[in-house]
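Here's the structure, in structure tokens; my notes come after.
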There are 4 protein chains.
Amino acid sequence: MNNLSNAKSEDTRNRIFQAAAELFANYGFERVSIRQICEAVGVQKPTLYYYFKDKETLILEMIRFTQQIVQTVRKDYVDCKTDFLEKIRGLLYGRKYFVETYPHFFRFYAMLHLFSTTEKVRAEMITLMLPLLDEFGAILVQGQEQGYIAPDEDLEMLMQTILGTLNGLSMRKFVFQEEAAFSDENLQRVFDFWQKHLFLNPKKRG
Amino acid sequence: MNNLSNAKSEDTRNRIFQAAAELFANYGFERVSIRQICEAVGVQKPTLYYYFKDKETLILEMIRFTQQIVQTVRKDYVDCKTDFLEKIRGLLYGRKYFVETYPHFFRFYAMLHLFSTTEKVRAEMITLMLPLLDEFGAILVQGQEQGYIAPDEDLEMLMQTILGTLNGLSMRKFVFQEEAAFSDENLQRVFDFWQKHLFLNPKKRG
Amino acid sequence: MNNLSNAKSEDTRNRIFQAAAELFANYGFERVSIRQICEAVGVQKPTLYYYFKDKETLILEMIRFTQQIVQTVRKDYVDCKTDFLEKIRGLLYGRKYFVETYPHFFRFYAMLHLFSTTEKVRAEMITLMLPLLDEFGAILVQGQEQGYIAPDEDLEMLMQTILGTLNGLSMRKFVFQEEAAFSDENLQRVFDFWQKHLFLNPKKRG
Amino acid sequence: MNNLSNAKSEDTRNRIFQAAAELFANYGFERVSIRQICEAVGVQKPTLYYYFKDKETLILEMIRFTQQIVQTVRKDYVDCKTDFLEKIRGLLYGRKYFVETYPHFFRFYAMLHLFSTTEKVRAEMITLMLPLLDEFGAILVQGQEQGYIAPDEDLEMLMQTILGTLNGLSMRKFVFQEEAAFSDENLQRVFDFWQKHLFLNPKKRG
DNA sequence: AATGAATGAGCATTCATTCAT
DNA sequence: GATGAATGAATGCTCATTCAT
């Protein structure tokens, strides 16, 4: 009974969470009302408040959940690789996985929502993003160590270039609704472009 | 008399316009109420409605105004140049000018607002953005003709890389509040990076 | 010039008047805004206020104008007749003329608007209606004198019956949109019914 | 618990309903604001919206409620009688009961509000009124069968005459605020007038 | 004779949220 | 674990009206 009850409860909570994510992703935080979320789930408003303190909490929990996805993805697609180029490739395919598996949650991660939200939400997102940037910086240093990046390279620019393109791809998918944005062909094209323009071929060394 | 009246009227209208732009830029369209705008300007609500049909019209007019800025900037910073590299440099400095002169309006141009707005607004912005992408494509072709870009280059990737970086700079300024994002030093750094990684040195021709 | 100006002025005033009458008749006093009237006429709001003190004045003037119609009609269709039955017939055809010539103004005369308006308006209408009822009473007395009505007839009931039917006809036309309500055939039918049921044949006298 | 809650809820809902009816009856639909209704009841605006979707719904529910009254009255005062004259008398006393028991709701039934309302409301009222007219027609046919009405009588005119008088009485009460309009003496007077002028004495019976 | 610009007061409606149950 | 009933505050928007010109 406890289990059942727990399961049911967890289910309700999760249904609210998912519905809210989808609605927020489609219409933006401000344009979605508690009522709409509840209608989508089929519960009454006090039920939502039973699980989530208030509307802002909902979005904060979403950001944290998203952050877990990001970390898992990073672990599975980037950290487990040793070769720098494989990490870079993992970056692309990890984003693809994220964007296709959790499309609603992706939007909260995407920097794009930093505009037009509460200061609290903004702060939370920045807090979560900065370490990611640092980690990415570390990867680039590894790239240098592995000889894929020249020692005198401007790493900051390199980072900006790569992240800018990643975000560009996301925009093509979500804003311009270009379905092929994350197709394997396109990702390969991006990878080729990067390899050709941004990275060295370390084999020469040997 | 006519002049005075016109001037006064134009002034009121413009003050509403500017105040709305600033508020929208800071808090987002949904979180700014008509009342707030009016209080910021010091007029009553019907006055705002005298000049603007409704709230959505306000934002649509802002988008169009922004579009004019974009076009003017492009003319002054890019189109008037002949050398491809100068055009690219103009792209950077034009963006700097835009971002620093009309910071509020920049946000409407930035893709960032494409999320979480009315479908009407979204449609309007996409309509305005697509030709800009085309024009930029044409510039890259010129770059090829001038020998700055290899004939077999993947122009689409090149475009995405450059625009992604531009948007990244804007994000650094507006989201991370990094004032130096558009400093001359930084722009030069970006330019150097591009020149080194993305463009050829056409002197070989001669 | 004075004449011209006067004429033009009178014209504007009249156009406002007519447009307001039509709109009021169609949608009711409360649901028609000054703006709507002005848009229908093609003038600005202060112009309306130049001719009419306020919205209530507009409707009061309409009531008075309507009253003039009523009086003219009564003169032309009833008073000029000497035979009682001709007066009654005139009542029917006068109403027909009114209803078809000034359909918009008829509605203000019709008691129907006594509901749901300002107390001032209500009072004005009652003031204007009471004498009409008196006059009609006098006609019935004439009918008695001419032998069309029995000396012991309940004149009040008679009046109520006739007026009730007249109003019923108007309702059929305006509420149920029954075009034939005031057709000559129908009026004749009403007249026949009255003659048969309500009035005597005075010829017996002679 | 359920009962208590239900009772309380039903009470609030009903208080809103009654207050709205009274206000609408006195001032007309357009001139009564949601706020006024709420103040009269002593609840906040969202409470009203909890029970009624919007203002138009309020009036539509009122019309339907009124229609139920009408049907009950008809059943109790007219349908249960067998003699035609008793039905006619029931018509008068049923109207009296209605007008005196539910004065506010009477006004919605009275045709008078057909003017100057939403098309939706108008349509609803017409839909509800037409069958009533038909039923009344059937009663007149029964009158014919019982010998109170000549076989060649113009039944339509007869109906119009009777209904016109009924409406006239209502007008005297509500517009001219003549309290005696529905006094027993007056109703008897009406009945006598009808009997004398409109109906036969079905000698066959005796 | 006519208007452009402005307003104070009010509208219907919706918001996020709470409390007793 | 869930809800029916209620609310204070705010929303976008419109009203009749005025004043200087």
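Every chain is numbered from 1 and lettered A, B, ... according to where its sequence line falls, protein lines coming before strand lines.
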Quick check on F:dG1: is either OP1 or OP2 less than 4.0 Å from any side-chain nitrogen or oxygen of A:T12? no
So C:Y51, base contact, sugar-phosphate only, or nothing? Heavy-atom distance under 4.0 Å. sugar-phosphate
Rounding to a whole Å, what distance do you find between B:R15:CZ and E:dA6:C1'? 12 Å
Taking a pair as Watson-Crick or G-U wobble with both distances under 3.5 Å, which nucleotide is matched to F:dC13? E:dG10
So does C:E61 pair up with C:R13, basic N to acidic O under 4.0 Å? yes
Angle class for the B:F174/B:F106 ring planes (parallel below 30°, perpendicular above 60°, tilted otherwise)? parallel
With a 3.5 Å distance limit and no angle check, can you tell me whether A:T47 reaches the backbone of A:V43 through a side-chain donor-acceptor pair? no
Footprint string (nucleotides 7-13 of chain F, 5' to 3'): B base within contact, S backbone only, - free, heavy atoms under 4.0 Å: BB-BBSB
Main chain of C:A123, side chain of C:T127: is a donor-acceptor contact present, judged purely on distance under 3.5 Å? yes
Apply ring pair (Phe, Tyr, Trp, His ring centres under 6.0 Å) to C:F52 and list each qualifying residue two or more places apart in sequence or on a separate chain. none
Tell me which nucleotide, if any, is Watson-Crick or G-U wobble paired with F:dG8 when both distances must be under 3.5 Å. E:dC15
From the list C:F29, C:F105, C:F17, ring pair (Phe, Tyr, Trp, His ring centres under 6.0 Å) with C:F24 holds only for C:F29
